[in-house]
There are 2 protein chains.
Amino acid sequence: MGDRVAARAESSELTRQRILEAARHLFTERGYFNTSLQDIRRESGLSIGSIYHHFTGKEELARELFYDTLSFVESDIRRVYAQYSGARERCYHVIESLFETTESMPEVMEYVLYFKHREVLPGEKPICASQPFEIIKSIIAEGMAAGEIRPMDEVMASAALLGGPIRLVQLRLEGVIVEPLTQHLSEAWECAWRSVAA
Amino acid sequence: MGDRVAARAESSELTRQRILEAARHLFTERGYFNTSLQDIRRESGLSIGSIYHHFTGKEELARELFYDTLSFVESDIRRVYAQYSGARERCYHVIESLFETTESMPEVMEYVLYFKHREVLPGEKPICASQPFEIIKSIIAEGMAAGEIRPMDEVMASAALLGGPIRLVQLRLEGVIVEPLTQHLSEAWECAWRSVAA
DNA sequence: GTCTATAACACGATAGAC
DNA sequence: GTCTATCGTGTTATAGAC
């Protein structure tokens with residue numbers, strides 16, 4: 001008997017995901033404000049009523065996607081942190097994972113980079129106060145203590161290390177770079193590491 | 001008699017500027033889509049009719065501001081290009097000017113960095129195809145030919161050089177960095193140049 | 001849980017007096 | 001050139017049948 005409850009819950013979760021996927025696609029393609037709930041209804045193949053049954057409104061869709069994406073990025077960085085040791089290795093694999101995600105899930109990457117929290121979700125904490133940012137900072141702090149990274153302001157070091165790669169991701173998403181970013185990994189890494197290496 | 005015509009033209013130009021200033025302020029503060037013409041009317045102290053007399057609509061305000069800002073940045077880079085020689089000197093002063101503009105005209109900088117052409121002005125060329133971007137590329141190409149910069153992909157070099165500083169500008173605009181960026185110029189420059197220096 | 005129909009509203013844009 | 005008043009449209013969100 002619990003089966004029927006479980007099946008219903010599962011199907012409910014499925015429609016939830018369908019709505020979120022449609023929203024993510026449209027938000028990244030034409031932007032939050034250029035997407036109406038009618039668009040999301042059409043894209044998801046469901047109805048307005050159904051959307052409002054699962055979410056309180058359009059804003060919650062954006063919020064949900066935002067936190068989804070953020071925790072995806074976070075777990076990815078955590079994995080790298082746990083799997084490797086030393087700032088050099090860890091930073092390398094953070095950038096590698098950044099490039100891989102750009103290729104395999106460009107919409108997720110686009111959402112992370114271009115989503116304007118302040119505009120769409122006023123009152124949310126800025127992304128730089130988020131967990132991923134904190135992990136990066138501690139990787140760098142440890143690397144500095146170990147003498148791998150030149151002593152300098154931590155914010156400076158993180159900007160120097162990731163600024164270039166992030167810029168490349170943007171150029172790739174905009175279509176300026178046409179080859180997969182993974183092809184440029186070693187060259188990008190060389191530039192990034194030189195900027196902070198001791 | 002020409003005086004009266006000139007005076008009228010001047011006053012007309014003045015109200016035009018008042019409207020543009022109000023629009024820039026509101027667009028950067030809360031975003032294009034969160035700003036209504038009523039807001040611009042209130043902020044500028046004029047009327048809806050007056051705004052429509054000077055501009056064809058809201059979108060033209062954004063477009064006008066965009067090209068204004070772009071040509072400001074362009075002339076700034078051109079100045080640096082003409083005033084200095086060698087990739088090293090030129091790049092240093094481009095970054096210096098970037099930081100100075102961030103401090104003296106944060107709204108201009110914010111408009112350049114965060115304005116979403118694709119969303120607000122669909123059909124506009126992306127900023128990376130713009131003149132400022134082209135000048136940077138030629139500075140780098142000349143620097144590579146002169147042996148100042150390691151041989152590498154030009155796009156890669158520009159991302160490495162400016163990615164870090166641009167990231168710092170963003171952090172400054174978001175309030176993560178509280179001191180004027182000019183204080184960090186030498187450290188930021190050190191990181192940026194190391195990433196590409198021969 | 002899912003649907004359709006519709007309410008309530010704000011927006012960009014226009015018309016026309018002065 | 002500047003203004004006020006207003007139109008038409010598209011939006012988010014709700015009500016209520018099934």
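Lettering of chains follows the sequences in order, A, B, ..., and the numbering in each one begins at 1.
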*asked:* Please give me the minimum heavy-atom distance between A:Leu65 and A:Leu20, naming the atom from each residue.
replied: CD2-O, 3.7 Å
*Return the value, rounded to whole Å, for the distance between atom CZ of A:Arg16 and atom C1' of C:dT2.*
16 Å
*Give the rounded distance in Å between these two atoms: OH of B:Tyr52 and C1' of C:dA13.*
4 Å
*Taking atom types as modelled, is there a side-chain donor on A:Glu21 or A:Gln17 under 3.5 Å from an acceptor on the other?*
no
*Can you figure out which of C:dT2, C:dT14, C:dA5 approaches the side chain of A:Thr15 most closely?*
C:dT2
*B:Phe66 and B:Phe115: aromatic ring centres closer than 6.0 Å?*
yes
*Atom pair distance, as rounded to whole Å: CD1 in B:Ile48 and C1' in D:dT2*: 12 Å
*B:Phe99 side chain reached by B:Pro180 side chain, heavy atoms, under 4.5 Å*: no
*asked:* Can you measure B:Leu14 atom CG to D:dT2 atom P for me and round it to whole angstrom units?
replied: 10 Å
*Should A:Glu74 and A:Ser130 count as side-chain neighbours, where that means a heavy-atom distance under 4.5 Å?*
no
*Choose from D:dC3, D:dA13, C:dT2 the nucleotide whose nearest atom is closest to any side-chain atom of A:Ser47.*
C:dT2
*asked:* Could you tell me if the side chain of A:Phe72 sits less than 4.5 Å from the side chain of A:Met105, heavy atoms only?
replied: yes
*Verify the contact: side-chain N or O of A:His53 to OP1 or OP2 of C:dT2, cut-off strictly under 4.0 Å; return yes or no.*
no
*If you draw the axis of the six-membered ring of A:Tyr32, does the NZ or CZ of A:Lys58 fall within 45° of it and under 6.0 Å from the ring centre?*
yes
*Indicate yes or no: at least one non-hydrogen side-chain atom of A:Ile51 is less than 4.5 angstrom from one of A:Arg41.*
yes
*asked:* In whole Å, I'd like the distance from the CG atom of B:Leu46 to the P atom of D:dT4.
replied: 11 Å
_Contact check, side chains of B:Arg24 and B:Thr69, non-hydrogen atoms, under 4.5 Å_ = yes
*For B:His93 and B:Gln83, does a side-chain donor sit closer than 3.5 Å to a side-chain acceptor?*
no
_Assess the residue pair B:Glu119 and A:Tyr114 against the criterion (side-chain hydrogen bond (donor to acceptor under 3.5 Å, both in side chains)); give the C-alpha distance rounded to whole Å, side-chain angles, the decisive distance to 0.1 Å, and a yes or no._
CA-CA 11 Å; B:Glu119 246 178 73; A:Tyr114 291 121; over 6 Å; no
*asked:* For DNA chain D, which residues of residues 54-64 of chain A approach it to below 4.0 angstrom with any heavy atom?
replied: A:Gly57, A:Lys58
*Kindly state which residues belonging to residues 28-42 of chain A come within less than 4.0 angstrom of DNA chain D, counting heavy atoms of the residue only, listed by number.*
A:Thr35, A:Ser36, A:Leu37
Polar pairs (N or O, both sides) under 3.5 Å between protein and nucleotides 15-18 of chain D?
none

